[in-house]
Amino acid sequence: MFSIQRGLPSELAGSASELFLSALSEKFAPVLGNDSKATELFKASIVVSSCFSALEDNRLLGVLAVQTEDQNFLNPSFGDLSIHYGFWGAVVKGVALHLLQHKPKSEELHVEGIAVVDSARGKGVGTKLLEELMRFAQTRNFKKITLEVIDTNHRALQLYERLGFAIQKHSKIWPANKIIGWTFNETIFMEQIIG
Ligand SMILES: CC(C)(COP(=O)(O)OP(=O)(O)OC[C@H]1O[C@@H](n2cnc3c(N)ncnc32)[C@H](O)[C@@H]1OP(=O)(O)O)[C@@H](O)C(=O)NCCC(=O)NCCS
């Protein structure tokens, strides 16, 4: 049986970083590649308090990364990027990562990302993580939860709709997708008003 907790034990930052890079590879692999540099970059930039995690016997099953007006879960700085990719690499990758980012306003909680390990999918872990976030939003008086999903991720979109998120906007990312090598064409912005 798994449990959901606020935050991530810091010794699991490496696992969280690997999980994000593999589960969200459609977004990240064309920008950062799939090698240890990307894992190190994410690991070093993780803010462990800015997420909810699903654990089973100290094993990480899933992470829901949360972004507020002034805090992210994954936030590689230009300095971090240039250590791994050099100055020009950092410029290009920084611009591409920026295209995937949303800047939440005050009283808005943004789902920066959610990922469940392959072997635990379809067992309710993602649902429980999102329900915990909804409870958190209510108790902390946030007005809405927002997220972005890529147009090719139909199952995630269905999950969000089932939990009460509504589509607000479709944003085409052409020609950036062709230049960067993304296989998706648009991002879909969704929100849930907290009543
Ligand atoms: C999307 C994701 C977080 C859902 O987590 P999960 O633990 O599998 O979700 P749940 O078990 O609560 O299932 C929720 C629904 O998603 C469906 N689902 C989505 N992706 C699935 C997958 N890869 N395998 C099995 N079921 C999946 C389930 O069938 C279920 O639908 P239902 O409740 O109508 O039967 C998880 O599949 C995942 O990590 N996917 C890769 C990363 C990703 O796409 N993240 C979202 C980016 S916006």
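Positions are given from 1, in the same order as the sequence printed here.
- Between the side chain of E26 and the backbone N or O of W182, no donor-acceptor pair lies under 3.5 Å.
- When L163, I145, V125 are each tested for a side-chain contact (heavy atoms from CB on, under 4.5 Å) with L130, only one passes: L163.
- Atoms CG and OG, on L41 and S77 in that order, are 8.5 Å from each other to the nearest 0.5 Å.
- Contact check on K37 versus E40 returns no salt bridge, with no Lys/Arg side-chain nitrogen under 4.0 Å from an Asp/Glu carboxylate oxygen.
- No donor-acceptor pair under 3.5 Å is formed between the side chain of S45 and the backbone N or O of L74.
- Note that NZ of K128 is 10.0 Å distant from CD of E132, once rounded to the nearest 0.5 Å.
- From E112, atom CD reaches atom CZ of F73 across 8.0 Å, with rounding to the nearest 0.5 Å.
- Each of E191, H110, Q67 was compared with T146 under the side chain to side chain donor-acceptor pair (under 3.5 Å) criterion, and only H110 meets it.
- The shortest distance between side-chain heavy atoms of L32 and Y85 falls below 4.5 Å.
- Distance alone, capped at 3.5 Å, is enough to place a donor-acceptor pair between the K93 side chain and the V31 backbone.
- Classification of the F189-H102 ring pair by plane angle, with boundaries at 30° and 60°, yields tilted.
- Contact annotation: the side chain of L55 approaches that of P9 to within less than 4.5 Å [non-hydrogen atoms, C-beta and beyond].
- A heavy-atom distance below 4.5 Å is not found between the side chains of F184 and N153.
- Atom CZ of F52 is separated from atom CD1 of I4 by 9.5 Å, given to the nearest 0.5 angstrom.
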Margin query: One pair to check against side chain to side chain contact (heavy atoms under 4.5 Å, CB included): T68 and L109. What are the steps and the verdict?
Written below: CA-CA 5 Å; T68 58; L109 271 183; 3.6 Å; yes

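- For the atom pair CD (Q168) and CD (E148), the distance works out to 11.5 Å, reported to the nearest 0.5 Å.
- Remark: the backbone N or O of G7 is not paired with any side-chain donor or acceptor of S49 at under 3.5 angstrom.
- Residues L60 and L8 form a side-chain contact, since some pair of their non-hydrogen atoms from C-beta on lies under 4.5 Å apart.
- Considering CG of L147 and CD1 of I114, their distance stands at 9.0 Å, rounded to 0.5 Å.
- For K103 (side chain) and E69 (main-chain N/O), a donor-acceptor pair under 3.5 Å exists by modelled atom type.
- Side-chain contact check for N177 versus N185: some heavy-atom pair is nearer than 4.5 Å.
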Next item on the list: Begin from the C-alpha positions of L97 and F28 and carry the test side chain to side chain contact (heavy atoms under 4.5 Å, CB included) through to its verdict.
Entry: CA-CA 8 Å; L97 290 176; F28 292 126; 4.0 Å; yes

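- Of the possible donor and acceptor atoms, none in the side chain of T39 sits under 3.5 Å from a partner among the backbone N and O of E18.
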